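Reading through the structure tokens given below for one structure.
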Amino acid sequence: VIETLFTKMTAVPVFMGIQENKQALELREYIESLGIDLELEDDPKTSSVVLKVAQNFGPCLEKASESEAEAVLNSLLSFVPSFSLEDVEKVIASLRDQISSVITEFRLKLLYNIYFVLDMMNGIDSLRLEIWTNILSASCRLGIQPRIPWNLKQLVSTLAAGNIDKAKAKEAYRALHRTLRHFKKQEASEAQVALLRMYSSSDEAAAAAGDAEQCIIDVIEDPEALILDHLLALAPVDALKGSLVYNVGLRADEWGLESVWGA
């Protein structure tokens, strides 16, 4: 079993006096001892070993104990800071997909391990945001409040600082909204409105129907959560005119409810 030493403040794995190629060899030997065939050549590059192990981390999770699986993950993460951005993305994407396929408290802990390593690296804002999104989604499903910043200000700051793909930004807003709503935070409706503001063209507005409907439902449930004078001006909400959920919000006062539109 690979031995690691964790710093008290950051919990980042540190390997003491072990060369990378030897560390990779030990990692390969351990994985293959579990009966997992990595299909590697006799003398592979370190990056090839790390990527192959990352791609087979799912079987490792099934066959190894939790402590051993975490040690393998931390071993993999110790290589990441010295890899090219392309290799980092491949390794992290493989790990993320396999860890997130099943949601448990242990797997959430593994996502945190990945996040804390990425949080100390530069030029990977988009990748770090993906893990942040996964953590929020897993935390919400498990009913555990996240141990990382998860407010609207934090997300807006992250998006402003990095070159983030629009689709990934929308997923982050959705995850934040679901988490805030689950834990009954007042920012939930604000996060949903911030998401709706990302849709600009009429085509995007039509595609945003699900997000717009959720926003109206939130407001119907809690009319005081947000000042809604500007809500009708949002293209995705306007695109819902004539729909059932829009009409319910518009005519709520006729049924003895407070109209969310103030009509």
Side-chain angles (χ1 to χ4, degrees), residues 1-7 9-102 106-135 138 161-165 167-168 171:
V1 178
I2 301 166
E3 296 181 356
T4 60
L5 174 68
F6 296 90
T7 62
M9 294 301 293
T10 61
V12 176
V14 179
F15 287 77
M16 303 179 65
I18 302 178
Q19 295 181 338
E20 277 196 348
N21 58 347
K22 183 178 179 181
Q23 181 184 330
L25 177 61
E26 291 183 0
L27 184 59
R28 175 183 182 178
E29 290 175 348
Y30 172 72
I31 295 299
E32 291 181 339
S33 75
L34 297 176
I36 301 171
D37 185 5
L38 297 180
E39 300 181 349
L40 285 164
E41 56 191 32
D42 292 335
D43 190 23
K45 296 189 300 182
T46 295
S47 59
S48 297
V49 175
V50 172
L51 181 56
K52 277 291 187 179
V53 174
Q55 290 171 340
N56 287 275
F57 190 64
C60 177
L61 281 169
E62 296 173 0
K63 298 184 177 186
S65 67
E66 288 187 353
S67 60
E68 290 173 337
E70 185 174 9
V72 170
L73 174 68
N74 290 335
S75 177
L76 293 170
L77 294 176
S78 71
F79 290 99
V80 166
S82 63
F83 279 7
S84 68
L85 177 59
E86 181 180 1
D87 285 340
V88 170
E89 290 176 341
K90 289 178 181 177
V91 170
I92 298 301
S94 291
L95 292 171
R96 178 201 64 218
D97 291 345
Q98 293 172 88
I99 292 172
S100 299
S101 63
V102 178
F106 172 64
R107 292 189 180 216
L108 176 58
K109 179 184 179 183
L110 299 184
L111 289 174
Y112 277 116
N113 287 8
I114 296 174
Y115 180 85
F116 291 139
V117 170
L118 297 181
D119 200 37
M120 295 186 297
M121 298 173 61
N122 297 319
I124 54 167
D125 299 298
S126 180
L127 195 58
R128 182 168 53 247
L129 182 65
E130 288 182 41
I131 301 300
W132 181 89
T133 300
N134 284 125
I135 288 175
N163 183 23
I164 309 296
D165 176 80
K168 292 178 182 178
E171 281 303 312

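If you're wondering where the values come from, they're calculated on a predicted model, not measured in any experiment. FYI, the numbering just counts along the sequence from 1.
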Taking the side chain as everything from C-beta on, heavy atoms only, tell me whether [X] gets closer than 4.5 Å to [Y].
{"X": "N134", "Y": "L108", "result": "no"}
{"X": "F83", "Y": "K90", "result": "no"}
{"X": "I114", "Y": "I99", "result": "yes"}
{"X": "V50", "Y": "D87", "result": "no"}
{"X": "V91", "Y": "V53", "result": "no"}
{"X": "P59", "Y": "L34", "result": "no"}

Pairwise distance [atom1]([X]) to [atom2]([Y]) - rounded to 0.5 angstrom:
{"X": "L40", "Y": "L51", "atom1": "CG", "atom2": "CG", "value": "9.5 Å"}
{"X": "K109", "Y": "L73", "atom1": "NZ", "atom2": "CG", "value": "10.5 Å"}
{"X": "L95", "Y": "L110", "atom1": "CG", "atom2": "CG", "value": "9.5 Å"}
{"X": "L118", "Y": "I124", "atom1": "CG", "atom2": "CD1", "value": "4.0 Å"}

Determine whether the side chains of S75 and E26 contain a donor N or O and an acceptor N or O closer than 3.5 Å.
no
Give the minimum heavy-atom separation between [X] and [Y], together with the two atoms involved.
{"X": "G35", "Y": "K63", "answer": "O-NZ, 3.8 Å"}
{"X": "A69", "Y": "A64", "answer": "N-CB, 4.1 Å"}
{"X": "I92", "Y": "V80", "answer": "CD1-CG2, 4.3 Å"}
{"X": "I31", "Y": "C60", "answer": "CD1-SG, 4.0 Å"}
{"X": "S94", "Y": "A54", "answer": "CB-O, 3.8 Å"}
{"X": "F79", "Y": "A24", "answer": "CZ-N, 3.8 Å"}

For S33, enumerate each residue passing the side-chain hydrogen bond (donor to acceptor under 3.5 Å, both in side chains) test, keeping only those at least two apart in sequence or located in another chain.
none
Show, in sequence, the C-alpha distance, side-chain angles and deciding distance for R107 and S101, and conclude whether the side chain to side chain contact (heavy atoms under 4.5 Å, CB included) test is met.
CA-CA 9 Å; R107 292 189 180 216; S101 63; 3.4 Å; yes
Contacts satisfying side-chain hydrogen bond (donor to acceptor under 3.5 Å, both in side chains) that involve residues 45-61 (not counting sequence neighbours) are none
Selection residues 114-132 - residue pairs positive for side-chain hydrogen bond (donor to acceptor under 3.5 Å, both in side chains), sequence neighbours left out:
R96-E130, D125-R128, S126-K168, E130-K168
Residues that Y112 engages under ring pair (Phe, Tyr, Trp, His ring centres under 6.0 Å), provided they are two or more places apart
F116
So, using side-chain contact (heavy atoms from CB on, under 4.5 Å) as the criterion, who are the partners of E89 when residues are at least two apart?
L85, L127
Which residues satisfy the side-chain contact (heavy atoms from CB on, under 4.5 Å) test with E32, sequence neighbours excluded?
R28, L38
What's the verdict on side chain to side chain contact (heavy atoms under 4.5 Å, CB included) for N74 and E70, showing C-alpha distance, side-chain angles and the deciding distance?
CA-CA 6 Å; N74 290 335; E70 185 174 9; 3.7 Å; yes
